[in-house]
Number of protein chains: 2
Amino acid sequence: MAARAWPGVIEHYRRLLPVSDATPRITLLEGNTPLIPSAHLAERLGPGVRLLFKYEGVNPTCSFKDRGMTMAVSKAVEEGATATICASTGNTSAAAAAYCARAGIQSVVLIPDGYVALGKLAQALAYGARTIAVDGDFDACLRLVREISDNYAVALVNSLNPFRIQGQKTAAFEVCDALGAPPEFHALPVGNAGNITSYWLGYCEYREQGVTDRLPHMLGFQAAGAAPIVTGGRVDKPETLATAIRIGNPARWEEASRAIEESAGRIEAVSDDEIVAAYRELSSVEGIFCEPASAASYAGLKKLAAEGFFGSRRCTVVATLTGHGLKDPDRAVATAAEPEQAPDDIDAIVEMLGLA
Amino acid sequence: MAARAWPGVIEHYRRLLPVSDATPRITLLEGNTPLIPSAHLAERLGPGVRLLFKYEGVNPTCSFKDRGMTMAVSKAVEEGATATICASTGNTSAAAAAYCARAGIQSVVLIPDGYVALGKLAQALAYGARTIAVDGDFDACLRLVREISDNYAVALVNSLNPFRIQGQKTAAFEVCDALGAPPEFHALPVGNAGNITSYWLGYCEYREQGVTDRLPHMLGFQAAGAAPIVTGGRVDKPETLATAIRIGNPARWEEASRAIEESAGRIEAVSDDEIVAAYRELSSVEGIFCEPASAASYAGLKKLAAEGFFGSRRCTVVATLTGHGLKDPDRAVATAAEPEQAPDDIDAIVEMLGLA
């Protein structure tokens, strides 16, 4: 029998990535994530809607950031870095720490002192990140990581790292490879806007290469309390429970706006209530547990559907779910009902369950 | 371009599973999990050891249970069940709830009242399980779920469900498909012993079918405080921090013993300290974050290696990591170091990092 196995996104898509034989493949076999057809929710959007979820929560660190980080860390190692650095408390720091462990280099994470709960950092710490609580705010941390990476052999792996976009674009390739064509619409949560930028780049490159012959409309959804692209103005104190998209001044603002414009897409805001409702529907109706920010993509689709956006048109819609629900267990607990109580008695339980 | 996408374990391996065209495919596209080559730890086992990790944490509910549950719930629906029931507080209840949500049937989970923290149940609750806290102990819950499933159209999805073994055997198929042959050794954590039973069944079936031409030696590892198969006697109060294998009287004891014997394998106990050390090494050295019970497989390999088991022999060893580290965030926090403190000053941080 012949061996065949997914080799990770760099190796699988190497012809479309800025790598050479000299680039080490620092991989945890990220990517190749499932494109799960909606079992129940598609019909709520419209009679002709075929809806699929690109479930990025089943990457090795449980978010889409792994696609970008395999590239960022591989290039850092190629360029001789002995460490990476970032200011992040969430999915970026977890992914950076995992790939640095794999590469055998140090991962440094700067956080504002007193601002971040240890639980949020637990994953990065498990992967062996060296975490430094700085006596300053988040902007101070951002300034420090830039200065350090400018002056030492330490690679910056924040959103500004261009290789992350390159790695993340592979998700668009996978969607096309799985469907045999691009969808008509692709819905995404938008925070720093790196992911919508990446998908658009991927879709455009596949068309340029002649792999596909058209492009999707990109649909971006921000949280209402952190919607600078929607409102057209930087948000100084962004507020949303969807922490992964709580960004007031997106690093890829311009690129995201261009993706929306060039694709004849839409960018809209969804409220926290709409996000939580979508989050609960995805897990309890589809059986797909994602982090709250991920649910913004489906929340946005519901909102568009309510406005008659889909009508009776036949179309394929892909919604990216960026991270796994286990990333935010506190939200799951806060949202869950308490168990019911019952005596140790079969008749009582049978009656509770309506089986009698 | 032609579409190609992983269809889930039932569809992919349907010829080797007890399904027909009449069996619905209740799937979250589980399986197809990465077989990650060790980057650093293999050499600690022996100079000729090729070590790979079958990383089951990247299944949809973040554990290997999804393989069995897609089968169990699909067969339950085929047979007309309107609900499933189990007594479980961990990975089984999460997987059951997810697949029942997908199938549009009720998932019922019985737990002993006052015994289980809400955080442990959060995932099952997110998927919409109906959770009932029974005024009794775990044995009472087990008795109730059996009685209810014997008398009503409610499918029992505890370890006794035979279809779970069928679904779980697909992991062995995937290992063979990825390597082009079975490994010489396959290491697994052993709790209820369903997984070692399943892998052995899968390896044997692939050889019977002529897909492969030999079998691996099965290496099973129990936690020292919950090691009935190793000691040869039921453990009334099993104790280990590796909760997923805290079982005193395994449901598949006999089958597991047979797998060890027929494969000329080994079953050994590892201490909680050894499990935690392995857990930390896997995440901080390999970049693979698993739940503590998962690490028993690598802890056991280290123990065998220390006894000279591998010597200088050339062999391929696969270790299954059964669940993702995010399943047990409290353990990650408990194991993690606190962040270091630093002033908002580049020189100070550069010196801390040894870059100056």
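Convention: sequence-line order gives letters A, B, ...; per-chain numbering from 1.
Neither the backbone nor the side chain of B:Val109 comes within contact range of chain A; no heavy atoms are under 4.5 Å apart. With a 4.5 Å cut-off on non-hydrogen atoms, A:Phe289 touches chain B through its backbone and its side chain both. Heavy atoms closer than 4.5 Å to chain A are found in the side chain of B:Leu110, but not in its backbone. Of the two parts of A:Tyr127, the backbone and the side chain both hold a non-hydrogen atom closer than 4.5 Å to a non-hydrogen atom of chain B. Only the backbone of B:Asn59 comes within contact range of chain A, judged by heavy atoms closer than 4.5 Å. Contact annotation for A:Ala126: both backbone and side-chain heavy atoms come within less than 4.5 Å of a heavy atom of chain B. Using a 4.5 Å cut-off between heavy atoms, B:Ile349 contacts chain A through its side chain alone, with no backbone atom that close. Heavy-atom distances place both the backbone and the side chain of B:Leu353 under 4.5 Å from chain A. Using a 4.5 Å cut-off between heavy atoms, A:Val285 touches chain B through its backbone atoms (N, CA, C, O) alone.
Note on A:Ala98, A:Pro339, A:Gly136, A:Gly128: by heavy-atom pairs under 4.5 Å with chain B, the leading option is A:Pro339. Among B:Ala103, B:Ala337, B:Gly57, B:Cys62, the residue making the largest number of heavy-atom pairs under 4.5 Å with chain A is B:Cys62. Ranking B:Ala122, B:Ala129, B:Ala133, B:Ala334 against chain A, the residue ahead of the rest is B:Ala133, based on heavy-atom pairs under 4.5 Å. In terms of heavy-atom pairs under 4.5 angstrom with chain B, the leader among A:Glu147, A:Glu286, A:Lys327, A:Arg331 is A:Glu286. For the set B:Ala348, B:Ala342, B:Pro34, B:Ala336, the entry with the most heavy-atom pairs within less than 4.5 Å of chain A is B:Ala342. With respect to chain A, the highest number of heavy-atom pairs below 4.5 Å among B:Met352, B:Gln106, B:Arg280, B:Glu30 belongs to B:Met352.
Across every non-hydrogen atom of B:Ala101 and A:Ser284, the tightest pair is CB-O, 3.3 Å. Across all their heavy atoms, A:Ile36 and B:Leu29 have their closest contact at CA-CD1, 3.8 Å.
For the side chain to side chain donor-acceptor pair (under 3.5 Å) condition, the pairs that include at least one residue of residues 334-352 of chain B, sequence neighbours left out, are A:Arg130-B:Glu340, A:Arg143-B:Asp344.
Once rounded to the nearest 0.5 Å, the distance linking CG of B:Leu35 with CH2 of A:Trp6 reads 15.5 Å. Atoms OG and CZ, on B:Ser283 and A:Arg102 in that order, are 12.5 Å from each other to the nearest 0.5 Å. Atom CG of A:Leu355 sits about 10.5 Å away from atom CG of B:Asn151, to the nearest 0.5 Å.
In summary, of the residues considered (A:Ile148, A:Val154, A:Leu144), a side-chain contact (heavy atoms from CB on, under 4.5 Å) with B:Val350 occurs for A:Ile148 alone.
With sequence neighbours left out, the salt bridge (Lys or Arg N to Asp or Glu O under 4.0 Å) criterion links A:Glu56 to A:Arg67.
Not one N or O on the side chain of A:His324 forms a donor-acceptor pair closer than 3.5 Å with the backbone of B:Leu326.
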